[in-house]
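First the structure, in the form of structure tokens, and then the observations on it.
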Amino acid sequence: QVQLVESGGGLVQAGGSLRLSCAASGSISRINSMTWYRQAPGKQRELVADITSGGRTNYADSVKGRFTISRDNAKKTVYLQMNSLKPEDTGVYYCNADIWPVGANLYNYWGQGTQVTVSS
């Protein structure tokens, strides 16, 4: 079965950095776009960054210049490098991807999330 598993979250001070990883596992034929979302306390889930299979990227205005999304197709992994972190970056970060399992049709998957807390 296909799964997405996030890692790399934690507690950091304002101005610090974290790198999140999201690894896809299982019988996978192809992964299309991969996306990072986040949800802060009391707020709706929002898109942070996404990346196509060809490497084209998109970012929320609030993280432009600070975050970088990348992927390693051989490892079936997407990364989110987060620099100059601010308290308002605090939230649960979720990985999302459109994946073709072997012998099956395209399906959208969510990871379980990883907590990022930025202290002031």
Side-chain angles (χ1 to χ4, degrees):
Q1 291 183 316
V2 173
Q3 288 185 294
L4 296 175
V5 180
E6 302 98 334
S7 62
L11 174 64
V12 296
Q13 298 181 69
S17 298
L18 283 173
R19 189 180 77 154
L20 306 183
S21 299
C22 172
S25 63
S27 297
I28 295 170
S29 178
R30 175 181 172 84
I31 302 175
N32 195 12
S33 296
M34 304 186 80
T35 305
W36 286 100
Y37 291 83
R38 70 185 180 190
Q39 188 166 20
K43 295 190 175 183
Q44 300 298 310
R45 189 172 299 184
E46 64 177 351
L47 185 145
V48 177
D50 58 39
I51 184 167
T52 69
S53 60
R56 179 171 54 84
T57 60
N58 178 64
Y59 299 92
D61 288 341
S62 60
V63 307
K64 285 181 179 177
R66 300 188 297 120
F67 291 11
T68 302
I69 188 170
S70 61
R71 64 192 287 167
D72 185 331
N73 290 331
K75 295 182 178 179
K76 299 181 177 65
T77 300
V78 63
Y79 305 94
L80 186 68
Q81 178 66 47
M82 305 186 294
N83 299 325
S84 301
L85 283 162
K86 304 174 181 180
E88 52 262 44
D89 294 318
T90 293
V92 179
Y93 284 68
Y94 298 91
C95 179
N96 178 270
D98 290 324
I99 299 175
W100 284 262
V102 173
N105 291 324
L106 179 68
Y107 191 80
N108 185 257
Y109 295 87
W110 286 94
Q112 294 182 320
T114 185
Q115 176 70 45
V116 172
T117 303
V118 184
S119 65
S120 59

Of Val78, Leu80, Ile69, the one forming a side-chain contact (heavy atoms from CB on, under 4.5 Å) with Leu20 is Leu80

Please round to the nearest 0.5 Å and tell me the distance separating atom SG of Cys22 and atom CD of Gln112.
11.0 Å

Scanning both residues in full, the closest heavy-atom pair of Ile31 with Ser53 reads O-CB, 3.8 Å

Heavy-atom pair of closest approach, residues Leu11 and Ser119
CD1-CB, 4.4 Å

Output yes when a side-chain donor or acceptor of Glu6 lies under 3.5 Å from a complementary backbone atom of Cys95, and no otherwise.
yes

Kindly say whether Arg66 contributes a backbone atom to a donor-acceptor pair with the side chain of Ser84 at under 3.5 angstrom?
no

Are Met82 and Val116 close enough, and set up right, to give a side chain to side chain contact (heavy atoms under 4.5 Å, CB included), and what steps lead you there?
CA-CA 10 Å; Met82 305 186 294; Val116 172; 3.9 Å; yes

With no hydrogens and no angle check, just 3.5 Å: does a side-chain donor-acceptor pair link Thr90 and Glu88?
no

Determine, stepwise, if the pair Tyr93 / Arg38 fulfils side-chain hydrogen bond (donor to acceptor under 3.5 Å, both in side chains).
CA-CA 4 Å; Tyr93 284 68; Arg38 70 185 180 190; 2.9 Å; yes

Under 4.0 Å between a side-chain nitrogen and a carboxylate oxygen: does that hold for Asp61 and Lys64?
yes

Ring-plane angle category for Tyr94 and Trp110, please: parallel below 30°, perpendicular beyond 60°, tilted otherwise.
perpendicular

Check whether Ser62 reaches the backbone of Ala60 with its side chain - one donor and one acceptor, N or O, closer than 3.5 Å.
no

Please tell me if the side chains of Tyr79 and Thr68 come closer than 4.5 Å, counting only heavy atoms from C-beta onward.
no

Mind checking the CD1-CD1 spacing from Ile28 to Ile99? Nearest 0.5 Å is all I need.
4.5 Å

In short, Ala24 meets Leu4 closest at the heavy-atom pair CB-CD2, 3.6 Å

Crowding at CD, Glu46 (>12 non-hydrogen neighbours, <6.0 Å):
yes

Using modelled atom types and a 3.5 Å cut-off, is there a donor and acceptor pairing between side-chain atoms of Asn73 and backbone atoms of Lys76?
no

Is it true that Arg56 and Asp50 have a side-chain N and a carboxylate O under 4.0 angstrom from each other?
no

Tyr107 and Met34: same hydrophobic cluster, using ILVMFWY side-chain contacts below 4.5 Å?
yes

Between Asn96 and Trp36, is there a donor-acceptor pair closer than 3.5 Å when you use the side chain of the first and the backbone of the second?
no

I want to check something: taking the side chain as every heavy atom from C-beta on, are Val12 and Thr117 in contact at a cut-off of under 4.5 Å?
no

Minimal non-hydrogen separation, Pro87 against Ala14, with atom names
CD-CB, 4.2 Å

List the steps, then state whether side chain to side chain contact (heavy atoms under 4.5 Å, CB included) holds for Tyr59 with Leu47.
CA-CA 8 Å; Tyr59 299 92; Leu47 185 145; over 6 Å; no

What are the two closest heavy atoms between Thr52 and Arg71, and how far apart are they?
O-NH1, 3.0 Å

Can Val92 be reached from Val63 by stepping across I, L, V, M, F, W or Y side chains whose heavy atoms are under 4.5 Å apart?
no

Only one of Leu18, Asn83, Val48 passes side-chain contact (heavy atoms from CB on, under 4.5 Å) with Phe67; say which it is.
Val48

